[in-house]
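Below you'll find the structure, written out as structure tokens, and then a few comments.
Counting convention: from 1, in listed order, for ligands and their atoms alike. Owing to the predicted nature of the structure, the values given are computational and were not obtained by experimental measurement. The figures that follow rest on heavy atoms only: side chains count, while hydrogens, waters and symmetry mates do not.
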Amino acid sequence: MTDVRTDRLPLFPFRSPGDDPFTPVTAADRRHLDGPVTRVRLPTGGWTWLVTRHADVREMLRSDAFSADMYRPGFPLLRRLPPQSPEARRGGFIRMDGDEHVRLRKMLTAEFMVKNIRRIEPLITTVVDDALDTLTAGDRPADLIAGFALPVPSLVICHLLGVPYADHAYFQQRSTVLLDQSAGPAAVRDAMTGLRSYLGHLIEAKRTSGDPGDDLLGRLVSDRVRTGELEIGELIGMAVLLLIAGHETTANMIGLSVLLLLQRPDVWQRLRTADDDTVNGIVEELLRYLTIVRTGLPRQAVRDIDLGGRRIRAGEPVTALLSLANRDDTTFPDGDTFDPYRAARQHMAFGFGVHQCIGQPLARAELRVALARLARRLPTLRLATDPAALPTRDNSIVYGLAELPVTW
Ligand code: HEM
């Protein structure tokens, strides 16, 4: 691996200017990037190649020349990792490669297929309508994040997994720490231990009961654990991953989408009467334009490879910057403009390649139902604060708003 002087390199992740949550990388930060595949400095003291063009990110994410295993020495980390026992890493297949990753992912693919998600759409609709009933029965102004954006996907994933929603404060708090790049190693270790222990007890109760239940965790106990295909420690790690990924991401997408749509009254009104295809199109463009996984996808080269005109050596760290790739003008003309009627299908807000988001049909259904029903129910929804004063989640791997005060 090449010896690199990092002190002159631009620091990554970039910060959005506080008053503009829709600009993932400022013009000034873009100017500091020395080409489409360029080195940047990491807060942990190391560096990473940053890949920013749509075509290069696709090539990178579908190539087997890169590992997603964050425990490899030299992997591009945004914060220091706590020393963790191999047991604590089990089941977290988002950070696994090859057969190990495929084996665990395959146990979930059918669950999240479009046809199965269609079956739970009535549940999503009920959850959204109930949340709107509670919101409209409460005081105004109200915080749309705490009162709608966060409970909707949390309730849905709890229902799917078979996790009691009553425990949401416990798992949401720990999940926020795990996504916070500024959290110290001890806090990260405690949050992970807490979540594993919580889900471990829940899974153990299902395993020892005569009827593990018809929810996803119950079925994995009956169909995979009891048959010896899956170990309890692995199932716990999978449950942690699904619980975190299943609510934080969609919640932040709902919050940020509403903020954007409130600044586009034409689209907000259109959502109220639009057919499914139009709503789907608006959701795709929101996913592209907002690309909430703003810190990108970290990988490490396992062999020498050429990418975007650069030679990347085995062992070197590489980060796919989805937010810029999704604004690449060659794929999305005038990419910095939100255009709800463009064909945004090729966006990579859900990643690409073997690790591409398994929950995307669920996330799409939640976004479609939540945004359309919110617009229909509260057509006069408006911000109840100065947009420049909105607190953003600048330190989180999943970008979004911490609060969104609204009235109607
Ligand atoms: C708008 C919402 C969402 C966004 C933007 C999003 C984004 C992503 C991205 C970018 C990846 C790729 C990570 C990588 O390659 O390193 C990913 C993977 C993943 N997502 Fe999502 N996600 C969303 C919703 C969900 C939901 C609702 C679930 C729950 C079921 C979920 C579960 C997962 C899992 C399990 C993986 C790992 C897949 C693998 O490694 O094979 N996501 N997501």
Practice item. For the pair Arg288 and Glu285, find out whether any cationic side-chain nitrogen is under 4.0 Å from an anionic carboxylate oxygen. Key: yes

Exercise for review: Evaluate the side-chain proximity of Arg196 to Glu87: yes if any heavy-atom separation is below 4.5 Å, no if none is.
Suggested key: yes

Revision key, fill the gap. Atom 27 (C) of ligand 1: of Leu104, Thr250, Leu108, the nearest heavy atom sits on Thr250

Study note, to complete from the structure: re atom 16 (O) of ligand 1, the protein heavy-atom contact at minimum distance is Arg299 NH1, 3.1 Å

Review point. Near atom 21 (Fe) of ligand 1, which protein N/O/S atoms are found at less than 2.8 Å?
Key: Cys357 SG

Practice item. May I ask you to check whether His54 and Phe332 place their ring centres under 6.0 Å from each other? Key: yes

**Study point:** Subset of ligand 1 atoms that lie under 4.0 Å from at least one heavy atom of Arg105
**Key:** 38 (C), 39 (C), 41 (O)

Practice item. Tell me, please: is Met238 in heavy-atom contact with ligand 1, that is, under 4.0 Å? Key: no

Practice item. Taking side-chain hydrogen bond (donor to acceptor under 3.5 Å, both in side chains) as the test, write out the residues that go with Ser209, two or more places apart. Key: none

Point to revise | Region of His101 engaging ligand 1 - heavy atom pairs below 4.0 Å | key: side chain

Point to revise | atom 40 (O) of ligand 1: nearest protein contact (heavy atom, Å) | key: His355 ND1, 2.6 Å

Practice item. Could you tell me the residue and atom name of the protein heavy atom closest to atom 36 (C) of ligand 1, and the distance to it rounded to 0.1 Å? Key: Ile94 CD1, 4.1 Å

Check your understanding: Can a non-hydrogen atom of Val354 be found less than 4.0 Å from any atom of ligand 1?
Key -> yes

Check your understanding: Is Arg118 paired with Glu121 through a side-chain N to carboxylate O contact shorter than 4.0 Å?
Key -> no

Practice item. Please work out whether the ring planes of Phe12 and Phe14 are parallel, tilted or perpendicular, with thresholds of 30° and 60°. Key: perpendicular

Practice item. Among all protein heavy atoms, pick out the one at the shortest distance from atom 1 (C) of ligand 1; state its residue, atom name and that distance to 0.1 Å. Key: Met253 CG, 3.5 Å

Review point. Given Pro361, Pro153, Ala349, Ala68, which has its nearest heavy atom closest to atom 7 (C) of ligand 1?
Key: Ala349

Review point. How about Gln346 and Thr331: does a side-chain donor come under 3.5 Å of a side-chain acceptor?
Key: no

**Study point:** Atoms of ligand 1, numbered as shown, that sit under 4.0 Å from any heavy atom of Phe93
**Key:** 35 (C), 38 (C), 39 (C), 40 (O), 41 (O)

Exercise for review: Tell me which protein heavy atom sits closest to atom 30 (C) of ligand 1, plus the residue, atom name and distance to 0.1 Å.
Suggested key: Phe112 CE2, 3.3 Å

Review point. Does His247 have its ring centroid less than 6.0 Å away from the ring centroid of Phe171?
Key: yes

Review point. Is it true that a side-chain atom of Asn116 and a backbone atom of Ala110 form a donor plus acceptor pair closer than 3.5 Å?
Key: yes

Check your understanding: Charged N to carboxylate O under 4.0 angstrom, Asp64 versus Arg303?
Key -> yes

Revision key, fill the gap. So CD of Gln173 and CG of Leu195: to nearest 0.5 Å the spacing works out to 9.0 Å

Check your understanding: Which value, rounded to the nearest 0.5 Å, describes the distance between Leu321 atom CG and Asp56 atom CG?
Key -> 12.0 Å

